[in-house]
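The model shown is predicted, which means the values in this text are computed figures rather than measured ones. Hydrogens, waters and symmetry mates play no part in the numbers below; they use all other heavy atoms, side chains included. We're numbering straight along the sequence, starting at 1.
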Amino acid sequence: MAKWATAMEMLLLVVVAAAAVAVVVAQAPPPPPPPQCDPGLLSPCAAPIFFGTAPSASCCSSLKAQQGCFCQYAKDPTYASYINSTNARKMIAACGIPFPNCS
């Protein structure tokens, strides 16, 4: 009978542990939402893109916020020439952001 009690105690322990893990997983925060891809948010970067000037802190901040959208912009005919331009690549590099591989 002692072995049966030990087996039942082990089973109970496993069930309690599984329930505790389920509670912790259920309370995990949701993943962050995808970035809002809005090319208008890159307006502080107009001068660096068009004229090759050094990017401002505001421009770099905007680029970092929109970084997840670069490939979408590069594939959009409306914005592709801007994001793929030499000035845009220099600006992105000057902000310390790696240029994405959009294969």
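- When each of L42, L63, I97 is paired with M91, the side-chain contact (heavy atoms from CB on, under 4.5 Å) condition holds for L63 and for no other.
- Taking Y73 as the reference, Q66 meet the side chain to side chain donor-acceptor pair (under 3.5 Å) condition, with sequence neighbours excluded.
- With values rounded to the nearest 0.5 angstrom, Q72 atom CD is found 11.0 Å from I83 atom CD1.
- Across all non-hydrogen atoms, the minimal contact from P98 to Q67 is CD-NE2, 3.9 Å.
- To the nearest 0.5 angstrom, C37 atom SG is 11.0 Å from Y79 atom OH.
- Between C59 and P44 the shortest heavy-atom distance is CB-O, 3.6 Å.
- Among residues at least two apart or in separate chains, there is no side-chain hydrogen bond (donor to acceptor under 3.5 Å, both in side chains) pair with a member in residues 40-62.
- The cluster map of Ile, Leu, Val, Met, Phe, Trp and Tyr, joined by side-chain heavy atoms under 4.5 Å apart, puts L41 and F50 in different clusters.
- Screening residues 93-102 for side-chain hydrogen bond (donor to acceptor under 3.5 Å, both in side chains), with sequence neighbours left out, gives N101-S103.
- In this structure, the side-chain contact (heavy atoms from CB on, under 4.5 Å) partners of C60, at least two apart in sequence or on a different chain, are P55, C95.
- For residues 82-97, there are no side-chain hydrogen bond (donor to acceptor under 3.5 Å, both in side chains) pairs, not counting sequence neighbours.
- For T78, the side chain to side chain donor-acceptor pair (under 3.5 Å) partners two or more places apart in sequence, or in a different chain, are D76.
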